[in-house]
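Working notes, structure below.
Protein chains get the first letters and strands the later ones, always in sequence-line order, with residue 1 at the start of each. Computed from a prediction, not measured in an experiment: that's the story for all the values here.
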Amino acid sequence: MEYNPQSIERKWRDYWEKNEVYRVSNESDKPKYYVLDMFPYPSGAGLHVGHPLGYIASDIYARYKRMKGFNVLHPMGYDAFGLPAEQYAIDTGIHPSVSTDANIKQYRSQMDHLGFSFDWSREFRTSDPDFYKWTQWIFQLLFDSYYDTRADKAKPITELIAQFETSGSSGVKAASQNDKTFTADEWKAMGAAEQSDILTNFRMAFRKVAYVNWCEVLGTVLANDEVKDGVSERGGHPVEKRPMLQWSLRITAYAQRLLDDLKTIDWPDAMKTIQSNWIGRSEGAQMFFDLKGHDEKLEIYTTRPDTIFGATYMVLAPEHPLVDKITTEDQRAAVTKYLEYTNSRSERERMTEVKEVTGCFLGAYAKNTFTNTEIPIYIGEYVLMDYGTGAIMAVPSDDDRDFAFATKFDLPIIDVIDKSKYPGADRHDKLGIMINSGFLDGMEVPAAIELMLKKIEEQGIGQRQVNFRLRDATFSRQRYWGEPIPILYDADGVPQKVDLSQLPVELPPLDNFQPTADGRSPLARKTDWVNHDGMTRETDTMPGYAGSSWYYLRYMDAQNHDAFVSKSAVEYWQQVDLYIGGPEHGTGHLMYSRFWHKFLYDLGYVPTPEPFKKLINQGMIQGVIEFLYLSKSADEQKRFVSADQVNDSGDYARIPVFIDFVSDYGSKDSYLSPDGIRQFVEWRPDYADAVFVTADGEFKVGAMPVTFKFQTHSEVGKMSKRYFNVVNPDDVVDKYGADCFRMYEMFLGPLEHSKPWDTQGIDGVSKFLRKMWGLFYDKNGQFSVSDEAAKPEEMKVLHTVIKKVNSDIDRFSFNTCISAFMVATNDLKKLGTNKRSVLVPLVKLLSPFAPHVAEELWQQLGNEGSVTKVEFPTHDENFLKEDSITYPISINGKKRMTADFPADMSKDELEKAALALDDLQKWIEGKEIRKVIVVTGRMINVVV
RNA sequence: GCCCUUGUGGCGGAAUUGGUAGACGCGCUGGAUUCAAAAUCCAGUUCCUUCGGGAGUGGGGGUUCGAUUCCCCCCGGGGGUACCA
């Protein structure tokens, strides 16, 4: 019988579904293992061949772990709220729930054809009210909690209120922006609104006016990780900083723990550094400077207190609250003008014009108590309001930006560090000997920093402080398609939780998804929904990362109506053991999940401090992009130029072309034939009149010789709709089968690497599968397996592959597993093996990789039940023993010959035997043998 | 700029602790089969060569009997971040 993947795969897909083979129970005597993929956002484009890469790897690992005796949780679901579905709704009027539903059906069907062992009984989407009820519940938990910095954990806000009632604000150590002090009596005398205003400064989910990233086109606020290069990550629209009243999450309270606990998890170093840079811890001092003619003090933050003798001026952020107060009348006009300028600048402009120095003198002065001089105060764009205190002491001699600023505004520069002892050290390095610095002179920089910190604290003008770059996460989105924030405002505007019995706050139906003109969510139009029990609802919704911050916990107990996850389920599954997904989530999803998880851990809802024990980032599967060069010359005629005719002097636009039109696509010689050109202009009728220029002259469509070849330019890049280079897995599976597709994706290269898709290469894996199938069949196509005992060389082939596959799966090296299978199949074919004792373990070994064909062969071998339930084979070292070993023999480290010696030969015997070899004589004759290095079992090296 | 990561045949890649560089597959070349093609099978395939051998893992240097692997400097690709005081 021929190997027919289509019928085999259909048969076993049905069998698995009917028998619920992959259903997993929360009760088991076996050790648990939780393998998770980052769940997809179901976009309208469906899956392309790049998406399943991680899913295949995790599926192989999940199957392997099951066969190794683990109770494996391996679920899948959908991250279903988000901007694209809503933008689509604005464009087409189709409700996001409708398009999302259609997209999910498409994703599910595509995944079903790839043989994954997901437990679909645990499937959910984040837009299900049953799911987001608990997202809202966690939000309320955040609202109801504060961070006790003394205990270093989050606690119920009721404990803080109790403290206020007994001793007021004194003795409270908590993460907050609160600057009010009050006694217990004062607290009790306050009204509800006033108490609420104070408490919001402590809550883990809180409302405050903050400079946020406002995106006009999307009509919403965005978190820092949703802004890339000054434009929105989704859509690339301009973003500006705007003060707005927003919900935020106090992730900064966890900055130190998020940083410290990176040491405890098995993640790629790259991902750990991304996170630790994002958290951005720095150690320094907070200092107060006296202001000339004002009672207020100017508070600054510096990491270089040692350089204070070089501080010749101060710079405030333009938004700094003191600016208005301390600006002198002389400078008022100039300052106002400068503020107009900075307000007009978009984030994008600010970022792209970093080199440009701008600023304005306020007319005010501060006192540098160490140099005993009055130093001028400026405002400047390069000082950011939301880092540190929004003010700096400028030391032009030891900071590039301060230096540039001082040069432009002609401010004094005093060298305070002699770096001559450290050649190559620049301004950034904390190296050198202090000069021009009074009592610090002659000290090394690190010692000077330490001494200054002491002085500052002694004199009471400041204190040591650790700062983080990490900002609190804005949590409000002025959009429709997200979880409603479950908050009601009473007549005084005091926010109240929606009662648990009223959760979920369901998203009401809507047909106008356009953002409102006043920057509120489209939900604000739904007044009958907004007004509720004499209160008004919060109309903002949660951001995309809300549901994904805890979804991995829901799989543990997906149907639970009474809790986000039951105590027993989370005690059993603990945390995700292996998490596979793309590296693009380092500062977003992976940061927020760690934060939410730690928060839930503090309150006793989860038993572990980290959500994901081990993380692997799979690489991207790239596509070939084919471009046509379109001449940008001014004349009317559209001229395409063959890639071999393109010269440096010309100016060309690169037009991506659908790869199916291109012959030999992906190669250096990729080209459009006359037929390809015909397809191209049918697809892009605006080019119907275009001229195509090759070495042979200029041609128009329909007037080309048969031999006409128009060269295209090939590049490796992203697989994407806009490059018309998407390869759909369905097409590949239809032709070769899911088993072949799975193995080929793994065979392509190491999981973590990005690599280009090459449809041609799949033939190799396809041939392998047929060859392996052929081992079970005789010349006449009859299933034929022998019960004879296997020969030692057959057992050796088998146990070699068993050993290799076991160790390679353990280190996630799936590509070398596939090679090992190919080698074994080639060897067994040469040996003519059809012994049951060899083929049975081989089928088991193959089943995590190619589950359908393994089930089929398992059944044909006469077994009952699924091969996925049997034990994974382990090797026996006895079958691998060799009588003799082929030693490479090198002269001075260069291999010259090989020789076989018995495996049990000793070092001395090997040396003697090697030196006696005839072939060796011509290399050593006339030379002195200085040394012979023998590594038993490996090699022999003769040094002459 | 800073941080991380990566560089091996025409291509994807292998070499797990310093020990036969190029496993496995694609592609290519030749042959068998075929009227022919596809498919299949067999052989070859790092480069140079006077056929002795020589060179070779981005480039240069070093450690070592021996380096793709360790160390130093430089160059290229990918990613992160970016006035963070």
Compare the minimum distances between each of [options] and the side chain of [X], then state the nucleotide with the smallest one.
X	options	value
A:Lys767	B:U40, B:C3, B:A14	B:U40
A:Lys804	B:G12, B:U16, B:G66	B:U16
A:Pro750	B:A85, B:U16, B:A14	B:A14
A:Glu381	B:G19, B:U81, B:C83	B:C83
A:Met822	B:G27, B:C65, B:G25	B:G25

Looking only at atom [atom1], what distance separates [N] and [M], rounded to whole Å?
N	M	atom1	answer
B:C65	B:C3	P	35 Å
B:U63	B:A82	C1'	38 Å
B:U17	B:C51	P	42 Å
B:G12	B:G1	P	28 Å
B:U81	B:A15	P	31 Å
B:U68	B:U46	C1'	15 Å
B:G7	B:C42	P	34 Å
B:C84	B:C74	C1'	31 Å

What's [X] touching, base or sugar-phosphate or nothing? Going by heavy atoms closer than 4.0 Å.
X	value
A:Ile933	base
A:Val765	nothing
A:Lys718	nothing
A:Met939	base
A:Arg469	base
A:Lys895	base
A:Pro268	nothing
A:Leu384	base
A:Asn826	sugar-phosphate
A:Glu584	nothing
A:Ser282	sugar-phosphate
A:Asn815	sugar-phosphate

If only side-chain N and O atoms of [X] are considered, is one of them under 4.0 Å from the OP1 or OP2 phosphate oxygen of [N]?
X	N	result
A:Lys755	B:G12	no
A:Arg770	B:C41	no
A:Tyr387	B:A85	yes

[X] [atom1] to [N] [atom2], straight-line distance once rounded to whole Å:
X	N	atom1	atom2	result
A:Tyr382	B:G1	OH	P	22 Å
A:Glu911	B:C65	CD	P	16 Å
A:Leu316	B:A85	CG	P	18 Å
A:Trp278	B:G80	CH2	C1'	10 Å
A:Phe768	B:A23	CZ	C1'	15 Å
A:Asp269	B:C4	CG	P	10 Å
A:Lys803	B:U16	NZ	P	13 Å
A:Arg401	B:C84	CZ	C1'	7 Å

Original post:
When you check the glycosidic angle of B:G9, does it come out syn, meaning within 90° of 0, or anti?
Top reply: syn

Original post:
Taking the chi torsion of B:G52, is it syn (within 90° of 0) or anti (everything else)?
Top reply: syn

Would you please say whether a donor-acceptor pair under 3.5 Å links the side chains of [X] and [Y]?
X	Y	answer
A:Arg811	A:Ser807	no
A:Thr816	A:Asp808	yes
A:Glu381	A:Thr358	yes

Original post:
Atom CG in A:Leu828, atom CG in A:Leu798: separation rounded to 0.5 Å?
Top reply: 7.5 Å

**OP:** For A:Thr898 and for A:Phe468, locate the closest nucleotide of RNA chain B by heavy-atom distance; then report the residue assigned to the nucleotide nearer the 5' terminus.
**Re:** A:Thr898

**OP:** Map A:Ile392 and A:Ala820 onto RNA chain B by nearest heavy atom, then report which one ends up closer to the 5' terminus.
**Re:** A:Ala820

Evaluate the ring planes of [X] and [Y], with Trp represented by its six-membered ring, and classify them as parallel (under 30°), tilted (30 to 60°) or perpendicular (over 60°).
X	Y	result
A:Phe405	A:Tyr382	tilted
A:Phe849	A:Phe814	perpendicular
A:Tyr313	A:Tyr378	perpendicular

Original post:
For the base of B:U20, is there a side-chain donor-acceptor partner from A:Lys894 under 3.5 Å away?
Top reply: no

Subject >> Donor-acceptor pair present, A:Arg471 side chain and B:C84 base, under 3.5 Å >> reply: yes

Original post:
Any Lys/Arg nitrogen of A:Arg281 or A:Glu283 sitting under 4.0 Å from an Asp/Glu carboxylate oxygen of the other?
Top reply: yes

Original post:
Does a side-chain N-to-carboxylate-O contact under 4.0 Å join A:Lys803 and A:Glu877?
Top reply: yes

Original post:
Given the rule in the side chain to side chain contact (heavy atoms under 4.5 Å, CB included) test, do A:His320 and A:Val383 qualify, once you have shown the distances and angles that lead to the verdict?
Top reply: CA-CA 10 Å; A:His320 197 284; A:Val383 176; over 6 Å; no

Original post:
Dot-bracket for RNA chain B, 5' to 3', counting Watson-Crick or G-U wobble pairs under 3.5 Å, with [ ] for crossing pairs and | for inter-strand pairs?
Top reply: (((((((..(((......[....)))((((((.......))))))(((....)))..(((((..]....))))))))))))....

Original post:
Are any side-chain N or O atoms of A:Lys297 and backbone N or O atoms of A:Phe288, one a donor and one an acceptor, separated by less than 3.5 Å?
Top reply: no

